[in-house]
Amino acid sequence: MNWKIIILLIFVCYEYSLAQKPDILWQLDLKSMAFGNACAGDIDGDGKLEIVFATYFNDETIYALNAEDGSVLWKYNTGGCNDAAPLIVDVDCDGSMEVILHSSTSPYIYCFNGKDGTIKWKTSSVGTDSPPSAADLNNDKKYDIFGGDFYARLFRWNGEDGSIVWSKQVDSNATVQTEPVIADVNGDGELDCVVATWKRESKNRISAYRLRDGELIWSCNEPSSMLYHGPVILDLDGDDNLEVVIGSYDGILYCLNGKDGSIKWTFNYPEKRYIGPPTTAADLNGDGLYEIAFISGNKLGILDNKGKLLWDYDMGLNNTSFRGAIFTDLDNKEGLDVLFGTMLGKLIALKGNDGSKIFEYDMSKEFGNSFNIDHAPIVADFNNDGMTDIFFVGGYAEYPNIEKNYGRAYMITIGKTQGPDWLMFRNNIRRNAVIPINQLSITDEKKDNKLNIFPNPANEYIDISYIINPTVNHRVDVIGESEIRIYNVLGECMITICEDGRTHPLIPSQEGNLRISISNLPSGLYYVRLGDWEGSFVKIE
């Protein structure tokens, strides 16, 4: 055999040995792609996660799948394409989850019952690409829904019945594609949201509105091109004031002062490729400070909290990741990693501290045809086997020749990791895409804290006792004293237990303690509060 052929065969075999194939748990064929993102939650009350996503022309359906095997729980054909990510939230505090979908070409925003997909309410709309967000403004555990539309209006809907509380005209000659990202942006004690405009060949604006009444707080008119995805909103520099970080098609990443919308710093590559994908923030290198992920053209970049480039990753020619990157642990080692899908069908995982590659799956080769991933992945242990799984959807879509469209949903597993879960577009119902730095630690608690929570860390349940006199371990009946609330790091109340215990399932107590099921809560740090005056932290794994 010719020595050149031998060398070629060795090279091909070596390359094949390095190729990584995904470990596929299940897959579901579709008639089109799903743009945007899926979301996951226990929508039918069976103690397991379900996955919800919606599809483009030629399929035009919202699907609710059982996450453990991909079987269809329910589905509903909207009669039009659906590009805006859906949302899972208990809008009316009745203990059952609802699914919110704002369709792009079907003229409605829908609220579905999570258990069976029946329509709870639907409200007329002109369509949107703006994914809805949600917030409890009155601390009554009832959520209002917020979103934009193709007429550049911003809406507040009553989550219980879909009625319009208020609407505001953001611009007279544009659309609002961005999701409303919710935070107390100006530090006045009230929740606000930030949206931006999509207007070609013109100046565009980034605006902050008060959620209570839609009052405009500030606008920034610096971007010279359109904006499609929303910002991260966080305290970057530790001064107790929030910053807003968002990218524009003018190729510039803007960091704005949350109080007034003034520019604090900008970043751009010399070639100024468009920044359409959303930003994401977390402490990726363990320095106690935030880093920011953004995507400009075919490059994913990581900035420090002052806007300095730490590292970047080139996805290759004619490639990008339009739905942005998410953060979680992907190699069962300390620290957060970066995960994203690309327009050329690659699912890529990088180390958060330096950008080195953990894995790359070529889903086009796996699928056997062009496979565009215009869909940010979500991550959790979806089948309760102790391993971490990744869900995403890809395929091909065009318009008006929609009969050529196709798609496939994949669930793959990558082994045991340390989390946290990432269950929806931009990570949470406020759509802020931030994994908060753990500034609330056990050392912040009072040393004489009398609220005892165990086990800690926990994963299925917690026992709560209240110790009056630690020297004799004298406990009282906590449920008879006051209600208990469990908050996540965003300050959102995830569980409320009133005196009769009817708002959340209780496990029979042992040794006089109150036992609460927390198996449906995502991993992370939580604050457990007894009434208005005593609290303690618990880590849920």
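If you're wondering where the values come from, they're calculated on a predicted model, not measured in any experiment.
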Measure the [atom1]-[atom2] distance between [X] and [Y] for me, rounded to the nearest 0.5 Å.
X	Y	atom1	atom2	result
R408	L30	CZ	CG	9.5 Å
I51	I378	CD1	CD1	4.5 Å
W265	L303	CH2	CG	5.0 Å
I429	F146	CD1	CZ	10.5 Å
K365	K346	NZ	NZ	7.5 Å
N432	T280	CG	OG1	10.0 Å

Residue pair [X] / [Y]: nearest heavy atoms and the distance that separates them:
X	Y	value
S32	A397	OG-CB, 4.2 Å
A134	I182	O-CD1, 3.6 Å
I414	L330	CD1-CD2, 3.6 Å
S321	G341	OG-O, 2.7 Å
I263	E222	CD1-CG, 3.3 Å
P180	G148	CG-N, 4.4 Å

Between the side chain of [X] and the main-chain N/O of [Y], is any donor-acceptor distance below 3.5 Å?
X	Y	result
N204	S202	yes
W198	R200	no
T55	T61	yes
T279	V232	yes
N37	A85	no
T105	C81	yes
W311	G352	yes
D149	Y151	yes
E179	G230	yes
R323	F340	no

Please tell me if the side chains of [X] and [Y] come closer than 4.5 Å, counting only heavy atoms from C-beta onward.
X	Y	value
D250	N268	no
K48	E50	yes
D192	I233	no
P420	T328	yes
V194	L256	no
K272	S296	no
T123	F155	no
W157	S167	no

### Query
Going through the distances and angles, do D337 and K351 end up as a salt bridge (charged side-chain N to carboxylate O under 4.0 Å, His left out)?
CA-CA 5 Å; D337 305 312; K351 288 295 296 180; 3.3 Å; yes

### Query
Which residue pairs satisfy the ring pair (Phe, Tyr, Trp, His ring centres under 6.0 Å) criterion with at least one member in residues 65-84, sequence neighbours excluded?
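Sorted result for residues 65-84: W74-F112, Y76-Y110, Y76-F112.
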
### Message
Whether K299 engages the ring of Y269 as a cation-pi pair (distance to the six-membered ring centre under 6.0 angstrom, angle to the ring normal within 45°) should be assessed.
### Response
yes

### Steps toward side chain to side chain contact (heavy atoms under 4.5 Å, CB included) verdict (N427, F327)
CA-CA 9 Å; N427 196 33; F327 298 151; over 6 Å; no

Take atom [atom1] of [X] as the centre, draw a 6.0 Å sphere, and report whether it contains more than 12 heavy atoms from other residues, nucleotides or ligands.
X	atom1	answer
E403	CD	yes
K75	NZ	no
K31	NZ	no

### Task
Report the C-alpha separation of W422 and L339 in whole Å, then their side-chain angles, then the decisive distance to 0.1 Å, and conclude whether the side chain to side chain contact (heavy atoms under 4.5 Å, CB included) test is met.
CA-CA 11 Å; W422 191 290; L339 179 68; over 6 Å; no

### Query
Can you tell which of N285, L310, L284, D287 makes a side chain to side chain contact (heavy atoms under 4.5 Å, CB included) with N353?
N285

#### Entry: Partner residues of M363 under the side-chain contact (heavy atoms from CB on, under 4.5 Å) criterion, sequence neighbours left out
P22, Y361, E366, F371, I373, F392, Y410

### Query
Where does the angle between the aromatic ring planes of Y274 and Y249 fall among parallel (under 30°), tilted (30 to 60°) and perpendicular (over 60°)?
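Because their plane-to-plane angle lies in the 30° to 60° range, the rings of Y274 and Y249 count as tilted.
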
### Query
Using 30° and 60° as the class limits, which term best fits the ring planes of Y63 and F53: parallel, tilted or perpendicular?
parallel

### Task
Could you check L289 against D304 for side chain to side chain contact (heavy atoms under 4.5 Å, CB included), going step by step and ending with a plain yes or no?
CA-CA 8 Å; L289 302 171; D304 70 9; over 6 Å; no

### Task
Run the ring-centre check on F367 versus Y396 and record whether the distance is less than 6.0 Å.
no

### side chain to side chain contact (heavy atoms under 4.5 Å, CB included) between N383 and T413, worked out
CA-CA 10 Å; N383 58 2; T413 187; over 6 Å; no

#### Entry: Modelled atom types, side-chain donor and acceptor of N298 and N318, under 3.5 Å
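N298 vs N318: no donor-acceptor pair found between side chains.
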
### Task
Determine, step by step, whether T417 and T388 satisfy the side chain to side chain donor-acceptor pair (under 3.5 Å) criterion, reporting the C-alpha distance in whole Å, the side-chain angles of both residues, the deciding distance to 0.1 Å, and the verdict.
CA-CA 6 Å; T417 73; T388 297; 2.6 Å; yes

